[in-house]
Amino acid sequence: MPEYLLPDVGEGLTEAEIVTWKVKVGDQVAINDVVVEIETAKSLVELPSPYAGEVTAILVAEGETVPVGTPIIAIGAAAPAGGASGPSGSGAMDIDMSNPAASGGGEGESLVGRMKADRGPQRRARRPLVEAAGERTARADVHDVFNQNVTDQHSKVAQLVSTVLGDAEEQSLAAGGPTAPPTAPAPVAGETATAGVRTLAKPPVRKLAKDLGVDLRSLSPSGPGGTVSRADVEAAAGSVVTPAEPVEASTSAGPVQASGQRETREPIKGVRKMMAAAMTESAFTAPHVTEWVTIDATATLDFVARLKERREFKGVKVSPLLVFARAVTLAMRRTPMINSTWDEAAGEVVVKHYVNLGIAAATPRGLVVPNVKDAHALDLVDLARELEALTATAREGRTQPADMAGGTFTITNVGVFGVDAGTPIINPGESAILCMGAIKSKPWVVGDQVVPRQVTTLALSFDHRHIDGATGSQFLADVADIVADPATALLF
């Protein structure tokens, strides 16, 4: 049966977690139908099917992490009687050869953000129709026999377990007390040490139970064949406490402390794992320098209010972030070194003449930094639309790897949390990052009077290997001038 191999959906991907299957065995799928949702080290990605036909097997369970190139699903086309399934009578299924997933993926095969022209023509060598049809028939027969054998074995195991449990219960009742089985299996992940009989559950379900602190023995199985399902574990997770270690009975009259869950453990994977590696590499590779400036942003808030009233911005979200983003792209004209990267291997500093503006976004799965491509070439209306779409997609956890690749400069807005400022870490592959603080009403000196104004603090971190203090300070001052007086943008 044709097997869909887990592809590389982003350059350099080595593994991914199967999050949700969108199909089940027996379903009919067409080419490019979404069959599964996976989590990579960057985001959630929906994978389209490169084949058309019937789903014959789900090869990887939800919750499992597998390397690129692993078969995850088998899709075959059921041939009608006589072995003909089309004009050719070959019984072959439809395959979209323009879809890189049809080749099984692997390093260099990107489902997202890669043009067909970049991949070049892809065509498989054809075999004689009779030979191909014969081989498919033989494979189908072997697959059917294998499935039947597995089913028979599961049935025998279930009967044996039922017999053993029944005999043990009868012996216990006859003796007037509980009787343990002759030998008890060793405890496994997700079960208590006192378990007498191994609870039936798939390995991913056992791992989930262990991570959530759920005792499998305490659950009522609802899965096929009396197995504990993922839903059973998740339903119990909200009310489960970690079982206490077995202790001997005590005759002391001391207080009894109720057992409870004092800590939880979460696996380091996906976006969080990628973020940790990237930030560690950046922090200990590029010597960071951070500078701050506190400014009166009242004019920016007034400008934002006026933009909201204009018909060009109807239906478009307008916020101070739009002004800050525009200020960054304009200020780079005077200090282009801010928009560069340090190439250690080549011994060069690469100055970018385009701005892919990254916006750091906190999501339930971790921090992601999608970027607006060619932000320097957009007018204010188009920039507002791009920022709105980018942040909405990020919050939904649907940012694609291509949307996070190629960033040249990043803005992180800690002000949304009420934080005044911070010392941000540079995004790998870039040379600077701007931190926006909260805009708050504070006393401010205007002329010879103290008046309430909308004040904020900006912090700029930059790579001091090739950006000196003068360049960093000039860029930060230019951004601050535009935020303090948006009309200053006319000077750039």
Side-chain angles (χ1 to χ4, degrees), residues 1-7 9 16-38 45-106 109 111 122 124 126-127 129-158 202-205 223-225 227 229-231:
M1 287 295 172
E3 294 177 340
Y4 182 8
L5 309 184
L6 178 66
V9 296
E17 177 187 349
I18 303 298
V19 178
T20 306
W21 282 106
K22 304 297 185 180
V23 295
K24 60 182 182 299
V25 174
D27 286 353
Q28 293 290 332
V29 297
I31 292 173
N32 288 329
D33 281 354
V34 174
V35 294
V36 65
E37 184 179 56
I38 66 172
V45 179
E46 293 181 336
L47 296 184
S49 172
Y51 309 115
E54 179 181 341
V55 177
T56 58
I58 301 295
L59 305 177
V60 180
E62 292 180 357
E64 288 192 25
T65 299
V66 294
V68 166
T70 300
I72 58 175
I73 186 174
I75 301 175
S85 62
S88 66
S90 66
M93 73 191 64
D94 295 327
I95 300 178
D96 179 11
M97 294 309 298
S98 68
N99 188 336
S103 64
E109 291 292 354
L111 290 179
Q122 296 181 353
R124 291 179 178 175
R126 290 176 175 261
R127 293 177 295 172
L129 296 179
V130 175
E131 176 187 347
E135 182 176 338
R136 276 189 296 273
T137 302
R139 289 182 179 179
D141 292 341
V142 172
H143 186 73
D144 292 341
V145 171
F146 175 77
N147 283 344
Q148 184 61 44
N149 288 340
V150 171
T151 302
D152 293 343
Q153 291 296 328
H154 284 178
S155 178
K156 291 178 181 180
V157 170
K202 294 180 179 180
V205 177
T227 59
S229 68
R230 185 184 185 92

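Residue numbers count from 1 along this sequence.
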To the nearest 0.5 Å, tell me how far Ile73 CD1 sits from Tyr51 OH. 11.0 Å

Please assess Ile58 against Val36 for the test side-chain contact (heavy atoms from CB on, under 4.5 Å), listing each intermediate value before the final yes or no. CA-CA 10 Å; Ile58 301 295; Val36 65; over 6 Å; no

I need the minimum non-hydrogen distance between Leu6 and Ile38, along with the two atoms involved.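 Heavy atoms only, the tightest pair is CD1-CD1, 4.0 Å.
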
Closest approach of Val25 and Ala57, non-hydrogen atoms and distance? CG2-CA, 4.0 Å

Backbone N or O of Glu37 within a donor-acceptor pair of the Thr20 side chain at under 3.5 Å?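 Not a single qualifying donor-acceptor pair exists.
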
Considering all heavy atoms, the nearest Tyr4-Pro48 contact: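 Smallest interatomic distance, heavy atoms only, reads OH-O, 3.1 Å.
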
Of all residues at least two apart in sequence or in a different chain, which pass the side-chain hydrogen bond (donor to acceptor under 3.5 Å, both in side chains) check with Glu17? Lys269

Are any of the side-chain heavy atoms of Trp21 and Ile72 separated by less than 4.5 Å?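 Yes; the side chains approach each other to less than 4.5 Å.
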
CG on Leu59 to OG1 on Thr70, rounded to 0.5 Å: 10.0 Å

So which heavy atom on Ser49 is nearest to which on Val35, and how close? CB-CG1, 3.7 Å

Heavy atoms of Ala52 and Ala30 approach each other most closely as CB-CA, 4.1 Å

Pro7 and Leu47 have their tightest heavy-atom pair at CD-CD1, 3.9 Å

